Participant: 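Can you keep this structure in mind? I'll have questions shortly.
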Amino acid sequence: MSINPNYKKPNIVAGDLNTPVTFFEFQPKDGPDPDEIEKKELYSCTCLAYNPSSKDREILNAKGTKEAMTIKIRDPFLDYIPDNKHKVVIEDFRYKNKIWEIVEVSPDLESNQFLKLILGLSS
């Protein structure tokens with residue numbers, strides 16, 4: 001068995017994606033009160049969560065976020081397309097009761113394997 005000299009080990013492997021994450025949106029609730037809203041789950045998966053890079057922080061500073069997180073998820077292709085109107089819950093005790101907003105979505109156009117999402121908490 002020969003080793004392919006062009007093979008490049010992926011930066012992220014399946015074991016790195018170990019933090020559960022859920023994407024959802026708020027929508028008007030069917031009922032007599034027009035002010036009621038309900039949470040509609042759109043997609044859930046596992047992610048690699050880490051602190052934003054300095055380049056990501058520049059984007060976040062322009063949006064006025066007080067706290068930030070960057071996550072990478074396996075690209076769901078047409079099963080789910082993230083939008084900046086969607087909300088995110090990172091299911092980890094350190095982020096309990098925090099609802100994150102999607103600030104930016106960056107697809108991996110080279111290998112089409114992952115999406116990088118920059119998340120922020122508004123002030």
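These numbers come from the heavy atoms of this one structure, side chains and all, not from hydrogens, waters or symmetry mates. From a predicted model like this one, the values you see are computed outputs, not experimental measurements. Counting begins at 1 with the first residue of the sequence.
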Participant: Nearest 0.5 Å, what's the NZ-OG distance between Lys55 and Ser106?
Facilitator: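 Output value for this atom pair is 7.5 Å.
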Participant: Grab the two heavy atoms, one from Ala49 and one from Met69, that are nearest each other, plus how far apart they are.
Facilitator: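 Taking Ala49 first and Met69 second, the nearest heavy atoms are CB-SD, 4.0 Å.
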Participant: Report yes if some heavy atom in the side chain of Arg74 is under 4.5 Å from a heavy atom in the side chain of Leu17; otherwise report no.
Facilitator: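 Yes - at least one pair of side-chain heavy atoms lies under 4.5 Å apart.
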Participant: How long is the span from the CG atom in Leu42 to the CG atom in Asp79, to the nearest 0.5 Å?
Facilitator: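 Output value for this atom pair is 12.5 Å.
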Participant: Is there a donor-acceptor pair under 3.5 Å between the side chain of Ser44 and the backbone N or O of Val21?
Facilitator: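 Not at all, since once roles are kept as given, no pair shorter than 3.5 Å links the two residues.
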Participant: Side chains of Leu117 and Ile73, heavy atoms from C-beta outward: is any pair under 4.5 Å?
Facilitator: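 Answer yes - side chains close enough.
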Participant: Just checking, Lys39 and Phe24: is the charged tip under 6.0 Å from the six-membered ring centre and within 45° of the axis?
Facilitator: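 Yes, Lys39 lies over the aromatic ring of Phe24.
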Participant: Find the distance between CD (Glu67) and CG (Leu119) and round it off to the nearest 0.5 Å.
Facilitator: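 The distance works out to 11.0 Å.
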Participant: Taking the side chain as C-beta and beyond, is there a heavy-atom pair between Ile90 and Lys98 under 4.5 Å?
Facilitator: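 Sidechains of Lys98 and Ile90: no contact.
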Participant: Would you indicate whether the side-chain heavy atoms of Tyr50 and Leu48 approach each other to under 4.5 Å?
Facilitator: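 Yes; the side chains approach each other to less than 4.5 Å.
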Participant: Any Lys/Arg nitrogen of Lys87 or Glu101 sitting under 4.0 Å from an Asp/Glu carboxylate oxygen of the other?
Facilitator: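 Salt bridge between Lys87 and Glu101, a charged N being under 4.0 Å from a carboxylate O: yes.
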Participant: Are Tyr95 and Val89 side-chain neighbours, meaning at least one heavy-atom pair lies under 4.5 Å?
Facilitator: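 Result no, sub-4.5 Å side-chain heavy-atom pair not found.
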Participant: Are the ring centres of His86 and Phe26 closer than 6.0 Å?
Facilitator: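 His86 vs Phe26: aromatic centres not under 6.0 Å.
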Participant: Any heavy-atom pair between the side chains of Phe23 and Ile102 that's under 4.5 Å?
Facilitator: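 A side-chain contact under 4.5 Å exists here.
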Participant: May I ask you to check whether Thr22 and Glu91 show a side-chain donor-acceptor distance below 3.5 Å?
Facilitator: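 The criterion, which ignores hydrogens and geometry beyond distance, is satisfied for Glu91 and Thr22.
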Participant: Measuring only between side-chain heavy atoms, which start at C-beta, is Asp108 closer than 4.5 Å to Lys116?
Facilitator: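 No, too far: nothing below the 4.5 Å cut-off.
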Participant: What is the distance from atom CD1 of Ile71 to atom CG of Leu115, rounded to the nearest 0.5 Å?
Facilitator: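 CG of Leu115 is found 9.0 Å from CD1 of Ile71.
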Participant: Report the residues that fulfil salt bridge (charged side-chain N to carboxylate O under 4.0 Å, His left out) with Asp75, sequence neighbours left out, ordered by chain and then residue number.
Facilitator: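 Partners of Asp75 by the salt bridge (charged side-chain N to carboxylate O under 4.0 Å, His left out) criterion come out as none, since no residue qualifies.
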